[in-house]
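Both backbone and side-chain heavy atoms feed into the values below; hydrogens, waters and symmetry mates do not. Order of listing sets the numbers, starting from 1, for every ligand and every atom in it. Keep in mind that what you see is a predicted model, and the values were worked out from it rather than measured.
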Amino acid sequence: MNAQQLSERLKRVASHVPRQAVLADIGSDHAYLPCYLALNGHITKGIAGEVVKGPYESAVKQVRQEGLSDVIEVRLANGLAAIEETDGITTVTIAGMGGPLIASILEDGKEKLAGVERLILQPNVHSKAIRFWALENGWAIAAEEILKENDKIYEILVLERPGVPVSYSQQELLMGPWLMKEKSPVFMEKWERESAQWKRILLSMESTEQTIEILEKKQELVEKIRMTEEVLHGENS
Ligand code: SAM
């Protein structure tokens, strides 16, 4: 992968960035995503934020090599601390991390999101943490995607500020309101796998002492299996 040849996962993330966006890509690593968008004339200005020195230096090198130093600024910063109000950021991308880490980056820097119109988030796991954060913080899930690349399944969540109040059921928070309507083959595969895994864990719990913690964990798994199976095989599905 490089700035000209993005992974399918990052290409799909890029496809949700509005034309002429002023972009902040947080956790940018090599800055491939902002470089790709700038090379295609898709963004007018971008910030690549990185908290770790090694990836930060790779990003600086990449931007310089591509001749994009006038368009993309690389900043060594933790999460949304990379953004200044004067940057006029309209779109934020955060990709390739766990859902809880993405949600904590958003939570810790939410005052930096005042002028931001769209968040494009690509959690590798536990996207529920992001949907829950969205619900708690007045963002709506405008679009969702699920894709498989190199045998790994990824989700992409696009958040925007809703015109009206939104709410999500537990099932929607877990599986995604748009994804569970669409029920693509990759979505079905993901949740069949998850459900089978939860059933195995549940079975293994039968042979341990039935403490309160174990009973609570079992109840939680039973509920998640029920919600999942309802979407996968339910009568209204
Ligand atoms: N976004 C790229 C992608 O999707 O291919 C890189 C993903 S890489 C697995 C995650 C990157 O996020 C790492 O380079 C890591 O250093 C960076 N990162 C993790 N936590 C961060 C934070 N709080 N602020 C900025 N960068 C962070």
Location of contacts on [X] toward ligand 1, heavy atoms closer than 4.0 Å:
X	result
L10	side chain
A77	backbone
L33	neither

Salt-bridge test for K190 and E155: reply yes if a basic N is under 4.0 Å from a carboxylate O, no otherwise. yes
What I want to find out is whether K218 reaches E206 closely enough, with some N-O distance under 4.0 Å, to be called a salt bridge. yes
Where the closest heavy atom to atom 1 (N) of ligand 1 is concerned, which of S28, S58, G27 has it? G27
Select the closest option to atom 23 (N) of ligand 1 among N124, V51, N78, judged by heavy-atom distance. N78
Tell me which pairs pass side-chain hydrogen bond (donor to acceptor under 3.5 Å, both in side chains) where either residue lies in residues 89-103, with sequence neighbours left out. D25-T93
Side-chain donor/acceptor of R131 to backbone N/O of L174, under 3.5 Å: yes
Holding to salt bridge (Lys or Arg N to Asp or Glu O under 4.0 Å), I want the full list of residues that pass it with E194, two or more places apart in sequence or in another chain. none
Give the numbers and elements of all ligand 1 atoms closer than 4.0 Å to a heavy atom of [X].
X	result
V52	16 (O)
I105	22 (C), 23 (N)
M97	12 (O), 18 (N)

Look at atom NE2 of H42 and say whether more than 12 heavy atoms of other residues, nucleotides or ligands are closer to it than 6.0 Å. yes
Check whether the side chains of E107 and W133 place a donor and an acceptor atom closer than 3.5 Å, and report yes or no. yes
With a cutoff of 4.0 Å, is H30 in contact with ligand 1, counting heavy atoms of the residue only? no
